[in-house]
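Side-chain atoms are counted along with the backbone in the values below, which use heavy atoms only and exclude waters and symmetry mates.
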Amino acid sequence: MTVNAASAGWYLRRLSRMGPREVGGRVGDAVRRRRWRSARPECPSVTGARFTAALPAGTIATVSPDAAKRLIAQADRLMDGHAEFFGVARYDMADPDWWCDPKTGRRAPWGYAFDVAYRNEDVVGDIKQIWELSRHQYLTVLAAAYAITGNERYAERVAKHLRSWWSANPPLRGAHWISGIELGIRLLSWVWIRRLLDGWPGVAGLFEDNPVARKQIWHHQRWLAAFPSRGSSANNHVIAEAAGQFAAACAFGWFPSSARWRADALRSLERNLRGNTFASGLNRELATEYHGLVLELALAAVAEADAAGVPVPVSIRLVLLRMTDALAAIVDSRLRPPRQGDADDGHGLIVDGAGTDRWASLLATGDAVFGRLAWWPAVTGTDVRTPLLAALIRPSSKDGTAPSVTRPASRPSHFADAGMTILRGPEEIWCRCDAGPHGFLSIAAHAHADALSVEVRHDGVDVLADPGTFCYHGQPEWRQYFRSTLGHNTLQLDGADQSVSGGPFLWTRHARSRVLVADTTHTGVARWCAEHDGYQNSVHRRRVELTSAAKELSVVDEVHGPRRAVRLAFHLGPTVAADLVGNRAVLTWVRDGEGRSAVLDLPEQLRWRAHRGETDPPLGWYSAGFGRKEPATALVGTGFADGAAGFTTVLRFRG
C-alpha cells in the first residue's frame, strides 16, 4: 500500500507524541493484526448458559408515565422506519443497511477490518454515520419500550435487527470491527437489550441459546482484550472499552476466559477512570460531553457489577461521586453544562425518548445513588434510565465499603486543577472562564485552541457562545474552524492558533495557561485573571469582572510582547441578534416569549465587523450538535497590540 506524503507526515507527527512503551505496544498490535488475518479461532463451546442479571421485580413500575410516554413515542418512530443521526434523517430503520452512510450515499468496503481506510470519506463515507447505528442504542430504546408495554412487536424488531447485524458483520470483517469504543458500547447495548427483553419468550433463543450470538459476544471480548487503547489514546475510548468488556463479562459470563476478562477490564476501568478525572471531579479531556459519556459508561459498569455481585473498588465509586458533584456545580440555571472542547453526541446507554434532558438525567441518577447536596440545582424532569440504574446500583449510604469523604458544603465555582472558573450573577448570569490545560495526554485529541475564552449565558441562553464542534472526519476546513482560536471568544495573534495542530485529533504544541486570580467569594464583584504562553515571545493576559449590581461583565485583554496583529472575536448564540454601529453592538433575543437585551461595548482601538454564515473561510457559525451547524453572528475586531493599554470589552444586561 502506498502512503502519500500527507499521510506519512501525520504518522510521523503522531509517532512523536508517543513514548517508548506505547510504541512497543502498537508494534505488538500490528503483529497481532497480521496474525489474526488468517488465524480466527472458533468460539469455545458453551453449555448451560443462563442470564441471571435481570432487573429486580417492580423496577419498570417505577418509571414515570411522562418518561414512558416519550420513550414509546420514540420507539414508534423507529418502528415506522424513521430516525435521525447527526442531523441526517434516515427512513430505512425498518431494514437498515449496516454499511451505508446516508449522508454521502457511500458504502464501506468489505474485507479484513484493519484494511478498511475508515478515515477516508471518499472510500468509506462518513464513518460516524455508519458506526452510530451499529452501537445499537436505538435497539435499547425498542427493548425498553417492550419492557414497559409488553408489546412483542418491539422485541421482534430488535431480534430481527440483531440477527441481521450478526449475519452481515462476521468477526473481523468490515468497518464495525475497527474501533474499540464501538465494540465496547455495542456490548453494553447487548447486555441491556437482553435485560430489557427478559420477559419475552424468544429472548433466550436470541442470546444464550443462539450460537451466533455467543460467537459475536466472544469475539467482541477477545478483540477488546487484544487491542486496548494505549498511551496517548487512553482517553474516553479506553473507558468505553473497559466498561463494555466488564459489563459483558459479568452478564454474559459463559466462557472460559470470562473471569479473566472481567478482572482485567475492572482493573483497566479503575486505573483509567482515575487517570481520566481530575481530583475536582471534572474530566481531564476538558470536553464536557465526554465528561457525560464517561460518567454514563462507568455508572453502567457499576450497575453490572452490583447486579452480578462483583466487588468494585471503592475508588471507582468515589470518582463517580466527584464527577457527579462537579457536574452539579458547573451547570447553568437550565441545567446546561459548559460547551467546552469536542462534542460528538456520544452516549453510554440510551433507554429514553427524544426530549429527555441528558444532564438532568445524570443528576437524577446521582441523587438516587449518592444523594443530592443542599446546593445542587433542582431537577424537575423525568427519565427512564435513572430508575433502571438505581434498581441495580447499591446506594452509597448502604455500601459498607464506602469511604468517609467530605463533599463540598457549598457550590464550587473554581476548579483549580481543570482551570475552570464559573462566575455567577443576578438574573441567572453565568460565565465560564477557561485557563485549563490544553486537553488530555500528549495528543490532546478533543481539545480546542480556546485558552482564556469566555462563555456567557443569561437564563440559559447563549449570549457569548462557544460555537461547538460540528464534525470530525471528511471536512478538514470545518474541523479546523470549530476548534480554532478564531472560533472562540478569545484573542488571536498574527492569524495563528495558540496551540499547533498536527491533525484532526492531534496537537503537537500545547499552550500553557495559568490562573492568576479567581475570586468568587464576594457577592458584589467576582474576579478572574489568567494568562497563557501559546504565542511565541508574547503573553496573552485576560481579566474578567462580573459586577452583580450593574449586571455588567468586563473583559480586559493585554498582550505583553512585541507589536503583533490582533483579532479579537466574540461569538453570539444563534438566537441573539446584533446591531453593530462602530464599536457598540446592541444584542437582542427572546426567552420564554419575553424580549431580552444587552449592550456590548467593544474595544475602540480595533476595527469591528459582524460576520455571519461565511464559508470562504468559515466564520460565524454555531453547532448545536454533531453534524449540525447554523449561521450565528461573530463580532471580530482587527488591529495591533503594541504594549499600550489593554483592550476593554464591557457587556451590560438590560432590565
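Counting only N and O atoms by type, the side chains of D450 and Q340 include no donor and acceptor under 3.5 Å apart. Under the 3.5 Å distance criterion, with hydrogens and angles disregarded, a donor-acceptor pair is assigned to the side chains of D417 and S280. For the residue pair S164 and W98, a side-chain donor N or O sits within less than 3.5 Å of a side-chain acceptor on the partner. Of the N and O atoms on the side chains of H176 and S134, at least one donor lies less than 3.5 Å from an acceptor on the other residue.
Looking at heavy atoms from C-beta onward, F370 lies out of side-chain contact with D325 at the 4.5 angstrom threshold. Proximity of N283 to F278: side-chain heavy atoms (C-beta onward) are nowhere separated by under 4.5 Å. Counting heavy atoms from C-beta outward, V238 and L269 have side chains that stay 4.5 Å or more apart. Between P408 and L373 the shortest side-chain heavy-atom distance falls below 4.5 Å. The side-chain heavy atoms of W190 and L162, taken from C-beta on, include a pair separated by under 4.5 Å. In this structure the side chain of V124 never reaches within 4.5 angstrom of the side chain of H473, judged on heavy atoms. Between L299 and L295, the closest side-chain pair of non-hydrogen atoms falls below 4.5 Å. Using a 4.5 Å cut-off on side-chain heavy atoms (C-beta onward), Y290 and N235 make no contact.
Classification of the W166-F207 ring pair by plane angle, with boundaries at 30° and 60°, yields perpendicular. Note: F252 and W254 have tilted aromatic rings, judged against thresholds of 30 and 60 degrees for the angle between ring planes. In this structure, F482 and F470 have tilted ring planes: the angle between them lies in the 30° to 60° band.
In this structure, F227 has its ring center closer than 6.0 angstrom to the ring center of W36. With ring centers used as reference points, W99 lies under 6.0 Å from W110. The aromatic ring centres of Y472 and H446 sit less than 6.0 Å apart. Aromatic rings from H438 and W507 are positioned such that their centres are separated by under 6.0 Å. Taking the six-membered ring for Trp and the full ring otherwise, W200 and Y154 have centroids separated by 6.0 Å or more.
At distances below 3.5 Å, at least one donor-acceptor pair connects side-chain atoms of D357 with backbone N or O atoms of A360. Judged by distance alone, the side chain of T59 and the main-chain N or O of P56 form a donor-acceptor pair under 3.5 Å. Counting only distance, with no hydrogens or angles, the side chain of D345 and the backbone of G625 share no donor-acceptor pair below 3.5 Å. Without hydrogens or angle criteria, T365 side chain to S361 main chain gives a donor-acceptor distance under 3.5 Å. With hydrogens and angles disregarded, no donor-acceptor distance shorter than 3.5 Å links the side chain of T288 to the backbone of R339. Counting only distance, with no hydrogens or angles, the side chain of H136 and the backbone of I193 share no donor-acceptor pair below 3.5 Å. The main-chain N or O of R274 is never found under 3.5 Å from a side-chain atom of T277 such that the two would form a donor-acceptor pair. D101 contributes no side-chain N or O that, together with a main-chain N or O of I130, makes up a donor-acceptor pair within less than 3.5 Å.
Residues V405 and L321 come closest through the heavy atom pair CG1-CD2, 3.7 Å. Looking at every heavy atom in both residues, A240 comes nearest to I181 through CB-CG1, 3.4 Å. Contact detail for A147 and L196: the closest heavy-atom pair is CB-O, 3.5 Å. Looking at every heavy atom in both residues, V116 comes nearest to G174 through CG2-C, 4.3 Å. The two atoms that bring C250 and V310 nearest to each other are SG-CG2, 4.0 Å, heavy atoms only. Considering all non-hydrogen atoms of both residues, A418 and P437 come closest at O-CD, 3.8 Å.
Using a cut-off of 4.0 Å between Lys/Arg side-chain N and Asp/Glu carboxylate O, R195 and D198 are scored as not salt-bridged. A salt bridge links D264 with R267: the closest approach of a Lys/Arg side-chain nitrogen to an acidic carboxylate oxygen falls below 4.0 angstrom. By the 4.0 Å N-to-carboxylate-O rule, R358 lies close enough to E296 to be salt-bridged with it. Under a 4.0 Å N-O distance rule, the pair D466/R432 qualifies as a salt bridge. Using a 4.0 Å cut-off between a side-chain N of Lys or Arg and a carboxylate O of Asp or Glu, D342 and R483 do not qualify as a salt bridge. The existence of a salt bridge linking D306 and R394 is confirmed by a sub-4.0 Å separation between a basic side-chain nitrogen and an acidic carboxylate oxygen. The residues R186 and E182 are annotated as not salt-bridged, no charged nitrogen and carboxylate oxygen being separated by less than 4.0 angstrom.
Rounding to the nearest 0.5 Å gives a distance of 9.0 Å between CG of L142 and CD of Q74. Separating the CG atom in L224 from the CZ atom in F246 is a distance of 14.0 Å, to the nearest 0.5 Å. Between the OG atom of S38 and the OH atom of Y112 there is a distance of 8.5 Å, given to the nearest 0.5 Å. Atoms OG1 and CG, on T324 and D367 in that order, are 10.5 Å from each other to the nearest 0.5 Å. Here CZ of R385 is found 8.5 Å from CD1 of I350. Values are rounded to the nearest 0.5 Å. Rounding to the nearest 0.5 angstrom, the gap separating the CG atom in L293 from the CG atom in L349 is 11.0 Å.
Around the CZ atom of R34, the shell of radius 6.0 Å holds no more than 12 heavy atoms that belong to other residues, nucleotides or ligands.
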Exercise. Check the pair S623 / T469 against side-chain hydrogen bond (donor to acceptor under 3.5 Å, both in side chains), numbers first and verdict last.
Key: CA-CA 6 Å; S623 174; T469 300; over 6 Å; no

Quiz prompt | Q137 vs S189, side-chain hydrogen bond (donor to acceptor under 3.5 Å, both in side chains): CA-CA, chis, key distance, verdict | solution = CA-CA 6 Å; Q137 292 177 323; S189 295; 4.7 Å; no

Quiz prompt | Stepwise side chain to side chain contact (heavy atoms under 4.5 Å, CB included) check, V31 with R35 | solution = CA-CA 6 Å; V31 171; R35 187 172 69 246; 4.2 Å; yes

Quiz item: Can R230 and D29 be said to form a salt bridge (charged side-chain N to carboxylate O under 4.0 Å, His left out), step by step?
Solution: CA-CA 10 Å; R230 302 178 184 277; D29 289 346; 2.9 Å; yes

Exercise. Show the numbers, then the answer: is there a side-chain hydrogen bond (donor to acceptor under 3.5 Å, both in side chains) between Q221 and S257?
Key: CA-CA 9 Å; Q221 293 188 83; S257 298; over 6 Å; no

Practice problem: Decide side chain to side chain contact (heavy atoms under 4.5 Å, CB included) for N276 and V319; before the verdict, give the C-alpha distance in whole Å, the side-chain angles of both, and the deciding distance to 0.1 Å. | Solution: CA-CA 10 Å; N276 273 254; V319 171; over 6 Å; no

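Among S229, S179, S268, the one residue that satisfies the side chain to side chain donor-acceptor pair (under 3.5 Å) test with E241 is S229.
At least one test fails for R37 against the ring of F114: distance under 6.0 Å to the centre or angle within 45° of the axis.
Pairs passing the side-chain hydrogen bond (donor to acceptor under 3.5 Å, both in side chains) check and including a residue from residues 203-219, sequence neighbours excluded, read R194-E208.
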